[in-house]
Amino acid sequence: MTVQLGMPQPREDDRSVPAARPADAGAGLVDRYGRRATDMRLSLTDKCNLRCTYCMPAEGLEWLAKQAVMTADEIVRIVRIGVDHLGVRELRLTGGEPLVRHDLVGIITELRRNHPALPISMTTNAVGLAKKAASLKAAGLTRINVSLDSLHEETFTKLTRRPFLDQVLAGVDAAWAAGLGPVKLNAVLMRGINDAEAPSLLAWALGRGYELRFIEQMPLDADHGWTRRNMITAAEIRSLLSADFVLTPDPRARDGAPAERFEVRRRVAGTPDATGPVLGTVGIIASVTEPFCSDCRRTRITAEGKIMSCLFSREEFDLLGLLRSGAGDDDLARRWQDAMWIKPKAHGMDHVGLDAPDFVQPDRSMSAIGG
Ligand code: SAM
Ligand code: SF4
């Protein structure tokens, strides 16, 4: 079944390229524009214990019914098809908040048993992670990404609408201690709320050996409060950081990574010069203003088993429904390939006018897609 979402067609799609996947399209998750998806983002749940303003509403979001969400066995089967039949080479577990799933350790244990060499990472808000980090590592989790937008209790609580900063900081340290490194931190800057904190957040991360990445806010909040004018752009982020640091492009190849990485040195006060050694790196994910769609390698599965070829896809393909109807691996793989074939060429957000009245934001918020 195909569900239409309320997005305008990305402007750059080429109508001359066939929409139906040809028989000779080749193996794996290829699309009409020659990209190959090898990086799978799988959402374990739509539920969350925070209410970040750029993602979820304060209240009133309808949850998926329990029976609509993929079971552990279904997740394990879908990942096996992705890896064994379709060339998936990397898995990221996300949500909603993956830690709220009671069977998380069991899921990771099974995934690791089936795929001994597969990098399996998880994006989490780290609430409750301190208690679980060691068992996640023992189950076979490779690495962790933690969302952390502020180190100030009041700002954290304003942004997430929950007073859990201490738990998050304990979770980050526990992940590091458990060997779930390199720990990457994700921060979304909101104008007038935590943007001024960018340099101190970076200094804190560098001091602990964590890799901080700033993410441009995308129009994926359930409150539909995003505006182009109000978002903090990658250029602004670089400028905010330049008060304290000198950033130089990381010589390592980007290799399809969404973050543009920079080496970071301390600035000599009042001069354009850097001083001392490289302190670490910082990443900037400029999804809106400097998009990386042409090199996108992601395929997404929502918590209810829908395939999304892009965060801003207009269509979703129901993989779980097909699986529950008794379909074999080959049929499931084919549906996945068909869904990915029509991946949009670009999300179109970098074009002007997104906050104009005719811009229609996707129906799903980030928590309901799986970021
Ligand atoms: N709950 C987990 C967490 O927060 O890390 C995993 C799911 S969350 C949807 C995944 C990532 O999406 C987080 O790093 C979060 O900051 C990011 N995110 C959520 N809404 C966003 C938005 N509107 N724009 C940009 N990033 C967003
Ligand atoms: Fe929850 Fe993550 Fe969304 Fe925040 S960003 S509300 S932690 S799903």
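All heavy atoms count here, side chains included; hydrogens, waters and symmetry mates do not.
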Nearest-0.5 Å distance, [atom1] of residue [X] to [atom2] of residue [Y]:
X      : Y      : atom1 : atom2 : value
Phe317 : Met308 : CZ    : CE    : 11.5 Å
Arg300 : Ser309 : CZ    : OG    : 10.0 Å
Ile307 : Trp336 : CD1   : CH2   : 7.0 Å
Ile144 : Trp176 : CD1   : CH2   : 13.0 Å
Arg213 : Leu202 : CZ    : CG    : 13.5 Å
Leu91  : Ile78  : CG    : CD1   : 11.5 Å

[X] vs [Y] side-chain heavy atoms within contact, under 4.5 Å:
X      : Y      : value
Gln167 : Arg162 : no
Thr53  : Arg161 : yes
Lys306 : Leu319 : no
Val88  : Thr38  : no
Val83  : Met40  : no
Val246 : Arg266 : no
Ile81  : Leu86  : yes
Leu42  : Ile75  : yes

Do side-chain atoms of [X] reach the backbone of [Y] as a donor and acceptor pair under 3.5 angstrom?
X      : Y      : result
Arg261 : Asp250 : no
Asp195 : Gly192 : yes
Thr157 : Glu153 : yes
Asp223 : Gly225 : no
Arg265 : Leu279 : no
Gln337 : Gly28  : yes
Lys137 : Gly179 : yes
Asn194 : Asp149 : yes
Glu304 : Ala68  : no

Testing Arg92, Arg298, Arg297, Arg89 for side chain to side chain donor-acceptor pair (under 3.5 Å) with Asp39, which one passes?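 Among Arg92, Arg298, Arg297, Arg89, the one meeting side chain to side chain donor-acceptor pair (under 3.5 Å) with Asp39 is Arg298.
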For residues 98-111, which side-chain donor-acceptor pairs fall under 3.5 Å, sequence neighbours excluded?
residue: Arg101; atom: NE; partner: Asp103; partner atom: OD1; Å: 2.8
residue: Arg101; atom: NH1; partner: Leu44; partner atom: O; Å: 3.0
residue: Arg101; atom: NH1; partner: Met70; partner atom: O; Å: 2.9
residue: Arg101; atom: NH2; partner: Met70; partner atom: O; Å: 3.2
residue: Arg101; atom: NH2; partner: Asp103; partner atom: OD2; Å: 3.0
residue: Thr109; atom: OG1; partner: Val105; partner atom: O; Å: 2.7
residue: Glu110; atom: OE2; partner: Arg113; partner atom: NE; Å: 3.2
residue: Glu110; atom: OE2; partner: Arg113; partner atom: NH2; Å: 2.6

With the 4.5 Å side-chain cut-off for hydrophobic clustering, are [X] and [Y] part of the same group?
X      : Y      : result
Phe156 : Val146 : yes
Leu64  : Leu320 : no
Leu220 : Leu61  : no

Run Leu241 and Phe262 through side-chain contact (heavy atoms from CB on, under 4.5 Å) and show every step you take. CA-CA 11 Å; Leu241 297 177; Phe262 298 89; over 6 Å; no
[Y] versus [X], side-chain donor and acceptor atoms under 3.5 Å:
X      : Y      : result
Glu216 : Thr289 : yes
Arg41  : Ser121 : no
Asn145 : Arg143 : yes
Glu97  : Thr124 : yes

Which atom of [X] lies closest to which atom of [Y], heavy atoms considered:
X      : Y      : result
Gln217 : Trp226 : O-NE1, 2.8 Å
Leu151 : Leu165 : O-CD2, 3.3 Å
Phe214 : Ala198 : CZ-O, 3.7 Å
Glu290 : Ala234 : OE2-CB, 3.8 Å
Leu332 : Leu323 : CD2-N, 3.6 Å
Glu197 : Ser150 : OE1-OG, 2.6 Å

In sequence, state the C-alpha distance, the side-chain angles, and the governing distance for Cys48 and Met56, and then conclude on side-chain contact (heavy atoms from CB on, under 4.5 Å). CA-CA 9 Å; Cys48 187; Met56 286 181 115; 3.7 Å; yes
Working for side-chain hydrogen bond (donor to acceptor under 3.5 Å, both in side chains), residues Asn114 and Arg80: CA-CA 7 Å; Asn114 287 348; Arg80 187 176 53 69; over 6 Å; no
Salt bridge (Lys or Arg N to Asp or Glu O under 4.0 Å) between Asp318 and Arg335, worked out: CA-CA 9 Å; Asp318 185 5; Arg335 173 157 298 183; 5.6 Å; no
Candidate pair Trp341 and Arg32, rule side-chain contact (heavy atoms from CB on, under 4.5 Å), full reasoning: CA-CA 6 Å; Trp341 178 254; Arg32 291 174 290 171; 3.3 Å; yes
Is [Y] paired with [X] through a side-chain N to carboxylate O contact shorter than 4.0 Å?
X      : Y      : result
Arg51  : Glu59  : no
Asp331 : Arg334 : yes
Lys343 : Asp31  : no

Just do the side-chain contact (heavy atoms from CB on, under 4.5 Å) check on Ile120 and Arg112 with the steps written out, would you? CA-CA 8 Å; Ile120 306 176; Arg112 180 54 71 214; 3.6 Å; yes
Under 6.0 Å from the NZ atom of Lys47, do we count more than 12 heavy atoms belonging to anything else shown?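 Check passes, neighbour count above 12.
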Other than Ile215, which residues form its hydrophobic cluster under the rule that side-chain heavy atoms must be closer than 4.5 Å?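 Ile215 clusters with Tyr54, Leu159, Val188, Met190, Ile193, Ile285, Phe292.
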